[in-house]
Amino acid sequence: MRLLSWVVIAGLLSVVMLVPGTGAVSHAQDDTLVIFQEMDESMYDDANGPLYCVPLAGGETVQLTPDEVKIVEFEVTDSGYIVYLDDQDALFSVPVTGGSVVALSGNNVRPDYRVSGNGEYVVYVQDLVLYSAPVVGGDPIRLSPEGLEMYSEPYGLQSNFIISPDNQHVVFTATETPSGRSPNRIFQLYTVPIGGGEAIQLNSRLSSGGNVTSFTIAPDAAMVVYRADQVSDEAFGLFSVPTAGGEVTQLTPNDLQASRWTRYMILANNRVVFYIPERDTVFAVDMAGGEVVELADDNWRAWQWTAAAADDGSVIVPSETIDGLVFNQFPSTGGSVTLEIATQSSGHFRQLPDGSMLIGHRFPEIGGWDEAAIYRYPADGGDFEVVGWRVREVSGDEIYFPTRESWNYYAVLSPDNQYLVTYGRVDEELPVPQFFSVYLPTNEWARLSEVSGSSGFGGVMFRITADSTRVVYLNDEDDQEIGDLYTVPIVGGDVVRLTTDDTMGVVDFQLYPRGTPWHISDRGYRP
């Protein structure tokens with residue numbers, strides 16, 4: 001069963017993560033470029049120095065941006081461009097191989113900008129107006145019409161626009177330009193072509209005081225599901241509407257009201273699965289409307305509503321029981337639970353194509369909350385297989401893996417789903433990490449890096465190439481107290497240093513073409 005999307009719903013917003021852009025192309029290792037940013041004074045500065053690229057197979061390092069430009073963050077696109085935000089909150093692009101830097105916006109851009117999956121457009125909010133701009137350069141295109149303002153979502157949500165999976169539309173919420181000193185902001189839902197055109201309101205007429213509080217787009221980009229108190233104030237429901245505009249369908253009947261805290265997701269078979277906290281259970285309904293099916297019984301209790309959706313139209317949701325955490329797999333059309341996995345505690349998991357599951361941050365009773373682990377659960381049931389553990393013997397050494405209290409603990413799954421890469425330390429007190437890979441079919445470990453230094457540089461960033469053959473990582477192996485880039489085969493072997501200037505520290509890097517990793521992390525980071 002192939003995982004379609006990894007969905008984490010935190011707070012109020014459903015965020016679909018780790019869906020590859022439609023413009024992604026398979027590349028050989030020799031075509032891979034490493035894009036990296038030079039560190040200024042400190043790796044913790046808000047803005048750092050210029051961007052560079054270096055071929056993974058070896059070759060000349062090329063500087064991509066001027067020395068005087070300070071960059072807050074950057075993103076490598078599948079179209080072969082880099083989009084970056086500078087310290088004046090302005091967006092620019094530059095080809096990954098070098099060339100002219102092109103301005104995409106003015107200053108004062110909100111940091112939640114997004115690049116379309118095919119890498120053709122960047123969408124952003126500047127001075128309460130929604131814009132798109134071609135990544136290759138060109139005049140910005142105003143998407144939100146006069147009379148609307150792009151404030152953040154009600155109830156504290158950060159972002160209020162989404163690019164459709166087919167890269168054709170931008171769906172957003174906005175408020176009418178207020179008049180008077182104390183405006184009552186009403187958030188309504190709109191859609192607009194990403195390249196510009198007429199913005200159309202998607203939601204039906206709202207009740208007095210009503211708002212569209214959140215929304216998500218179906219994987220096939222055809223429909224939008226949104227939550228709003230549309231019928232009466234504070235009586236929330238779920239509604240569906242075509243992404244290009246059209247008839248609105250009420251999905252939750254009035255006697256099954258949602259709340260502002262209701263979590264929901266759209267499955268590949270066009271079913272909507274949602275969790276209503278007050279009822280503490282999960283329901284499903286067709287996106288076109290119809291009978292609402294209760295998927296869980298009264299004894300079921302959600303655990304932070306972390307879920308994964310699969311191609312067969314089922315949804316896997318962890319729930320709390322007296323024995324710990326249980327993973328249930330619910331067919332979205334109703335029926336019996338087909339999977340039940342008990343763990344002590346876990347909030348991160350992934351179902352692999354062979355039906356097995358990776359479960360991260362499981363904390364057994366013997367170790368309490370100090371023991372972090374990664375487990376694999378076989379598709380045909382049985383005992384957990386230990387993939388990672390806080391202390392594990394590798395090549396004759398006891399390797400200490402980070403505890404849950406370590407904010408940057410994570411593991412990365414290779415794009416081909418065969419390897420898991422993580423890091424640990426031979427000496428629990430040594431700040432310099434080492435990197436390891438696990439070949440999942442056999443649970444065989446390989447050491448990827450050696451540590452000759454003992455400086456205080458604690459870089460633990462690593463990425464896997466799109467062809468799943470190599471790992472690129474940031475470390476300080478020459479004890480210069482700055483980060484350098486290295487690459488090594490994912491099965492282990494000779495390490496090659498990519499940055500050769502001992503005075504240049506690296507603070508961040510990305511790959512082109514991008515891989516599609518899955519992360520187990522206390523705090524996720526952008527792939």
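Side chains included, hydrogens not; waters and symmetry mates left out as well; all remaining heavy atoms used.
Contact check for Met357 versus Ile316: side-chain heavy atoms found under the 4.5 Å cut-off. Between Ile141 and Ile194 there is no side-chain heavy-atom pair separated by less than 4.5 Å. Taking the side chain as every heavy atom from C-beta outward, Phe161 and Val125 approach each other to under 4.5 Å. Taking the side chain as every heavy atom from C-beta outward, Pro165 and Ile217 approach each other to under 4.5 Å. Residues Val102 and Val94 fail the side-chain proximity criterion, which asks for heavy atoms closer than 4.5 Å. Between Val315 and Met265, the closest side-chain pair of non-hydrogen atoms falls below 4.5 Å. Two residues are said to be in side-chain contact when any heavy atoms from C-beta on lie closer than 4.5 Å; Leu511 and Ile35 fail this criterion. Side-chain contact check for Ser414 versus Ile490: some heavy-atom pair is nearer than 4.5 Å.
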side-chain contact (heavy atoms from CB on, under 4.5 Å) between Leu352 and Leu440: does it pass, once the steps are laid out? CA-CA 10 Å; Leu352 301 181; Leu440 293 173; 4.1 Å; yes

List the steps and the verdict of side-chain contact (heavy atoms from CB on, under 4.5 Å) for Ile162 and Val170. CA-CA 6 Å; Ile162 301 175; Val170 181; over 6 Å; no

Is there a side-chain contact (heavy atoms from CB on, under 4.5 Å) between Val54 and Thr499 once you walk through the steps? CA-CA 8 Å; Val54 60; Thr499 50; 5.7 Å; no

Pair Val83, Thr77 - check side-chain contact (heavy atoms from CB on, under 4.5 Å), show working. CA-CA 7 Å; Val83 174; Thr77 73; 4.1 Å; yes

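Under the side chain to side chain contact (heavy atoms under 4.5 Å, CB included) test applied with Ile266, the options Asp220, Val224, Val225 reduce to a single match, Val225. Each of Phe74, Tyr113, Phe92 was scored for a ring-ring contact (aromatic ring centres under 6.0 Å, His included) with Tyr84, with one residue passing: Phe92. With Tyr473 as reference, Tyr486 is the one residue of Phe36, Phe436, Tyr486, Phe509 to meet the ring-ring contact (aromatic ring centres under 6.0 Å, His included) rule.
Separation of atoms CG (Leu85) and CG (Asp87) is listed at 9.0 Å; rounding is to 0.5 Å. Rounded to the nearest 0.5 angstrom, Ser132 OG and Leu104 CG are separated by 10.5 Å. Between Glu120 atom CD and Asp78 atom CG the span is 11.0 Å, to the nearest 0.5 Å. Separating the OG1 atom in Thr213 from the CG atom in Asn160 is a distance of 12.5 Å, to the nearest 0.5 Å. Rounded to the nearest 0.5 Å, atoms OG1 (Thr469) and OH (Tyr419) are 10.0 Å apart. To the nearest 0.5 angstrom, Thr65 atom OG1 is 9.5 Å from Glu38 atom CD.
Residues Leu56 and Thr465 share a closest heavy-atom pair of CD2-CG2, 3.6 Å. Across all their heavy atoms, Leu413 and Ile464 have their closest contact at C-CD1, 4.0 Å. Between Tyr512 and Ser79, the shortest heavy-atom contact is OH-C, 4.4 Å. Here the closest heavy-atom approach between residue Arg110 and residue Met150 is recorded as NH1-O, 3.1 Å. The shortest heavy-atom contact between Ile163 and Val115 is CD1-C, 3.9 Å. Between Lys70 and Ala47 the shortest heavy-atom distance is CB-CB, 3.9 Å.
Ion pair Arg497/Asp484 flagged as a salt bridge, since at least one NZ, NE, NH1 or NH2 atom sits closer than 4.0 Å to an Asp/Glu carboxylate oxygen. Between Arg463 and Asp508 there is a salt bridge, since at least one side-chain N of the basic residue sits less than 4.0 Å from a carboxylate O of the acidic one.
Donor-acceptor pairing under 3.5 Å is lacking for the side chains of Asp89 and Asn108. Ser449 and Gln434 are not linked by any side-chain donor-acceptor pair at a separation below 3.5 angstrom, with hydrogens and angles left out of the test.
Of the possible donor and acceptor atoms, none in the side chain of Tyr439 sits under 3.5 Å from a partner among the backbone N and O of Leu420. The main-chain N or O of Val491 is never found under 3.5 Å from a side-chain atom of Ser437 such that the two would form a donor-acceptor pair. The backbone N or O of Asp416 lies less than 3.5 Å from a partner atom in the side chain of Ser468, making a donor-acceptor pair. Looking at Asn167, its side chain does come within 3.5 Å of a backbone N or O of Gly117 through a donor-acceptor pair. The closest donor-acceptor contact from the side chain of Gln126 to the backbone of Asn107 lies under 3.5 Å. With Ser93 contributing its side chain and Val135 its backbone, the two residues share a donor-acceptor pair below 3.5 Å. A donor-acceptor distance shorter than 3.5 angstrom exists from the side chain of Gln168 to the backbone of Asp166, with no hydrogens or angles considered. Within the 3.5 Å criterion, the main-chain N or O of Ile71 finds a donor-acceptor partner in the side chain of Gln37. Under a 3.5 Å cut-off, the side chain of Ser164 and the backbone N or O of Ala221 do not form any donor-acceptor pair. Formation of a donor-acceptor pair under 3.5 Å by the Gln510 side chain with backbone atoms of Val76 is found in this model.
The number of heavy-atom neighbours closer than 6.0 Å to CD of Glu60, taken from other residues, nucleotides and ligands shown, is 12 or below. Glu444 CD: 12 or fewer foreign heavy atoms inside a 6.0 Å radius.
A cation-pi geometry, defined here as NZ or CZ lying under 6.0 Å from the six-membered ring centre and within 45° of its normal, does not hold between Arg114 and Tyr124.
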